[in-house]
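Reading through the structure tokens given below for one structure.
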Protein chains: 2
Amino acid sequence: MAETGGDLPEPPVRPARRAATMADVAQAIGVSHQTVSRVLNDPGSVSPETTSRVLQAIGELGYRRNRAARALATRRSQTIGVVSFDTTLYGPASTLFGIEQAAGEAGYAVTVASVKAMTEGSLREAIDRLAMHDVDGIVLIAPLRDTSTVLPVLDPDLPAVVVEGGRAPGLASVCVDQELGARLVTRHLLDRGARTVWHVAGPADWIEAESRVAGWRDELAEAGAEVPAPLRGDWSPPSGYQAGRKLARRKDVGAVFVANDQMALGLLRAFHEAGLRIPEDVLVAGFDDVPEAGYYTPPLTTVRQDFAAVGRRSIELVLEQVAAGRAAARHQVVAPELVVRQSTSR
Amino acid sequence: MAETGGDLPEPPVRPARRAATMADVAQAIGVSHQTVSRVLNDPGSVSPETTSRVLQAIGELGYRRNRAARALATRRSQTIGVVSFDTTLYGPASTLFGIEQAAGEAGYAVTVASVKAMTEGSLREAIDRLAMHDVDGIVLIAPLRDTSTVLPVLDPDLPAVVVEGGRAPGLASVCVDQELGARLVTRHLLDRGARTVWHVAGPADWIEAESRVAGWRDELAEAGAEVPAPLRGDWSPPSGYQAGRKLARRKDVGAVFVANDQMALGLLRAFHEAGLRIPEDVLVAGFDDVPEAGYYTPPLTTVRQDFAAVGRRSIELVLEQVAAGRAAARHQVVAPELVVRQSTSR
DNA sequence: GACCGTGATGTTAGCGGTAACATCGCCGGA
DNA sequence: TCCGGCGATGTTACCGCTAACATCACGGTC
């Protein structure tokens, strides 16, 4: 996309004083700037005596690398771009935190572009904003089932990892094993005496939601239990509340698996208002293990996702591609963990 | 702080092909690269005919600005650094989201450095990581009362804004009016018939916590009500739970103002376990208005903070300083809003 | 007709670094 | 003793852009 005048802000006033450069360090001790560069980047190629003189001068002059110059010379920015859906939600916020920690440890900066809707248009706009900052790679937290919105907006030459998304040809990806998590919690509810398990699912176009539906459905089928039609939510507490009101009107609901903890909270609210006791009357379980889940009324059984591990793995994969100079369609899966609390303990 | 060899990752393989440059665009239509630069940065200084030829060539060649070169030439990176405490918490995550949106609209990238503890050491490390990326300004989400940990780590020449922090000489800042929020909710509880209001406060060294204590205390004093000693939490649900257990043992607790919604959730849990009914037996209110607060059992009265506005104001202030080339110790206050729900409706 | 000012565009240099090629001295082998 | 190789360091050029200075043509005024 071409930029035109007016898109960027006016370059502001230059800083009052400039920092020491390699040329300054070199001149101070009578070596070439190339020698200073070698000390920092290829230390074995400089004699120990010269190396220590250079390091001392660096310390005395307060020299600090100039990222812009290095990026220009190497054509690399040491920056990873992250495109994410709503980062005030616990899952994306936690994944982003993990990404930022892992990137920092690898010496990379993280630039974030958030999108409000996972449409091709808003993804393209976010990726264009990142491309303007010459990121070396992209981590795309795009939990959509349909990767047809993702592939057209990615530059095939730019290293990329999709997190919690569908398997796309040629793309690396990291995800938590959603189906396994759903199976674990469904099995748990059946083991606690439920004849079948109702399900409040996430949005139909989210691959996480679909995987959880698949895991719940498969586990029920394998147990020979009836498979009721799932209800649909949008991850928010109000949508869980509405689903809870519907389920509360039925007489045959003994257990509910809710696709995330926030909707589970809404559902608990609705059941409470309808006079249902958890877990005496209905077993309830969620997914995610948000920090508050242990303090719901009652404390919620849930499936814990290791978002920090997801963040670390995605940085590992994207930097592997950056270092190799080419894409690598590797796929990594992080295991979930069932956390049993009072909402299923009767 | 001087960098030495080994601190940065090995510069990776260069991209396979290089993007079009201004020189390419210029050569394609027979003008100078300076003319191309003028079209993008000073459009009024080039004739309309030449301007349209340049823009067409830019589109055809897929020219995209090179940020590193421009940063080197102007000594500006168009990047704002954000230092924040735990960005998986709702407040910091929401503020960060607001900052990222506002910066994007102003044509700036945001680079984030998260810290786990608000100590001088970890703040310095985070700011050093940002300085390595030559940020043009810093937004420091540092809700500590004692700015003595903040001032030593900030470069006086680097534009900075402190968010939710103490007033420090020479620093710009943005905050929500915490005292006002605390007064509003305390007044509300008194108006609902409480003879006095107990308080579960945040950590003693957080300025938000102290401001909320001050607002609660002042409102009680003005109402001629007894001022009980506040209990201390650390913002987490478990700490609210412990406070709730202590309060539940007393016979004289008719209303509690909890310093955030997560601790309020824990306190509600403890009261429930002790057989106390909210709001029949005790009125309970929180602070923040997290999205789940409306679905607590019962739905929680709380004080809503406009984190998005905080984010926008902080970007406005930091970019004002960047443009002016000097610090401006302006201070902006965002008003809170009382949200009344069932936990105080009897 | 000459001269001066101004708008439009071109030329040159530098921002701070890395990479490629050059130079020099020393050491070992013939 | 001479020559070649290699380690350590220096020199030059370039990365892509902006800024400062230069050039040219045209129009207006004297």
Side-chain angles (χ1 to χ4, degrees), chain A residues 3 5 8-15 17-54 58 61-78 132-134, chain B residues 3 5 7-15 17-27 29-54 58 61-78 132-134:
Chain A
E3 284 178 13
L8 287 180
E10 189 82 7
V13 177
R14 278 182 169 181
R17 57 180 174 75
R18 74 167 181 76
T21 66
M22 281 182 181
D24 298 325
V25 175
Q27 190 180 31
I29 59 169
V31 297
S32 73
H33 63 278
Q34 186 54 40
T35 295
V36 178
S37 179
R38 287 192 182 101
V39 167
L40 294 177
N41 300 315
D42 187 19
S45 67
V46 180
S47 75
E49 180 190 55
T50 303
T51 297
S52 68
R53 287 172 61 223
V54 167
I58 284 179
L61 293 173
Y63 167 81
R64 178 193 300 280
R65 287 181 192 270
N66 185 308
R67 289 284 185 145
R70 190 163 199 262
L72 186 56
T74 61
R75 294 223 204 110
R76 288 294 183 187
S77 65
Q78 314 297 140
M132 281 171 63
H133 299 294
D134 296 319
Chain B
E3 285 177 12
D7 279 359
L8 287 179
E10 190 82 8
V13 177
R14 277 182 171 183
R17 55 181 174 75
R18 77 168 179 75
T21 66
M22 281 184 180
D24 297 325
V25 175
Q27 189 180 31
I29 59 170
V31 296
S32 73
H33 62 277
Q34 186 56 40
T35 295
V36 178
S37 179
R38 288 192 180 102
V39 167
L40 293 176
N41 299 314
D42 189 19
S45 67
V46 180
S47 75
E49 180 191 56
T50 303
T51 296
S52 67
R53 289 171 60 223
V54 167
I58 283 178
L61 293 173
Y63 167 80
R64 178 193 299 280
R65 288 182 190 271
N66 185 307
R67 289 283 186 148
R70 190 162 198 262
L72 186 55
T74 61
R75 295 223 205 107
R76 289 294 184 186
S77 65
Q78 315 298 139
M132 281 171 65
H133 299 292
D134 296 322

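As the structure is a computational prediction, the values presented were derived from the model and not from experiment. A, B, ... follow the sequence lines: proteins, then strands. Residue 1 opens every chain.
The shortest distance between the side-chain N/O atoms of B/N66 and the OP1/OP2 oxygens of D/dC15 is not below 4.0 Å. A/T35 has no side-chain polar atom (N or O) that falls below the 4.0 Å cut-off from OP1 or OP2 of D/dA8. OP1 and OP2 of C/dA19 both lie 4.0 Å or more from every side-chain N or O belonging to A/R70. Considering only side-chain N and O atoms, A/S45 lies nowhere under 4.0 angstrom from the phosphate OP1 or OP2 of D/dG7. Using a 4.0 Å cut-off, some side-chain N or O of B/R75 falls inside it from OP1 or OP2 of C/dG16.
Note on A/S47: only backbone sugar-phosphate atoms sit closer than 4.0 angstrom, heavy atoms only; bases stay farther off. Contact annotation for A/S32: base contact, defined as any heavy-atom pair under 4.0 Å involving a base atom.
Qualifying side chain to side chain donor-acceptor pair (under 3.5 Å) partners for B/T51, counting only residues two or more places apart in sequence or in other chains: none.
Rounded to a whole Å, the CG atom of A/L40 is 12 Å from the C1' atom of C/dT18. Atom CG of A/L72 is separated from atom C1' of D/dT18 by 12 Å (rounded to the nearest Å). Here the P atom of nucleotide D/dT18 and the CZ atom of B/R67 are 11 Å apart, to the nearest Å. Between the CG atom of A/L61 and the P atom of C/dG16 there is a distance of 14 Å, given to the nearest Å. If you take CG of B/D42 and P of C/dG7, they are 12 Å apart, rounded to a whole angstrom. Residue B/N41 contributes atom CG, which lies 17 Å from atom P of D/dG16 at whole-angstrom precision. In this structure, A/R53 places its CZ atom 13 Å from C1' of D/dA8, rounding to the nearest Å. If you take CG of B/D134 and P of C/dG16, they are 11 Å apart, rounded to a whole angstrom.
The residue among B/V46 and A/T21 whose nearest nucleotide of DNA chain C is located toward the 5' end is B/V46.
In B/Q34, the CD atom is crowded: over 12 heavy atoms of neighbouring residues, nucleotides or ligands sit closer than 6.0 Å.
Residues A/V54 and A/V46 fail the side-chain proximity criterion, which asks for heavy atoms closer than 4.5 Å. Here the side chains of B/N66 and B/T21 are not in contact, with every heavy-atom distance at 4.5 Å or above. A/V31 has its side chain out of reach of A/V39: every pair of non-hydrogen atoms, C-beta onward, lies at least 4.5 Å apart.
No side-chain donor-acceptor contact under 3.5 Å links A/R64 to the backbone of A/A19. The backbone N or O of A/R65 lies less than 3.5 Å from no partner atom in the side chain of A/R70, so there is not a single donor-acceptor pair.
The base of C/dT18 sits within donor-acceptor range of the side chain of A/H33, with an N or O pair under 3.5 Å.
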Given protein heavy atoms under 4.0 Å, the one-letter contact record of nucleotides 20-26 of chain D, with B base, S sugar-phosphate only and - none, is simply B------
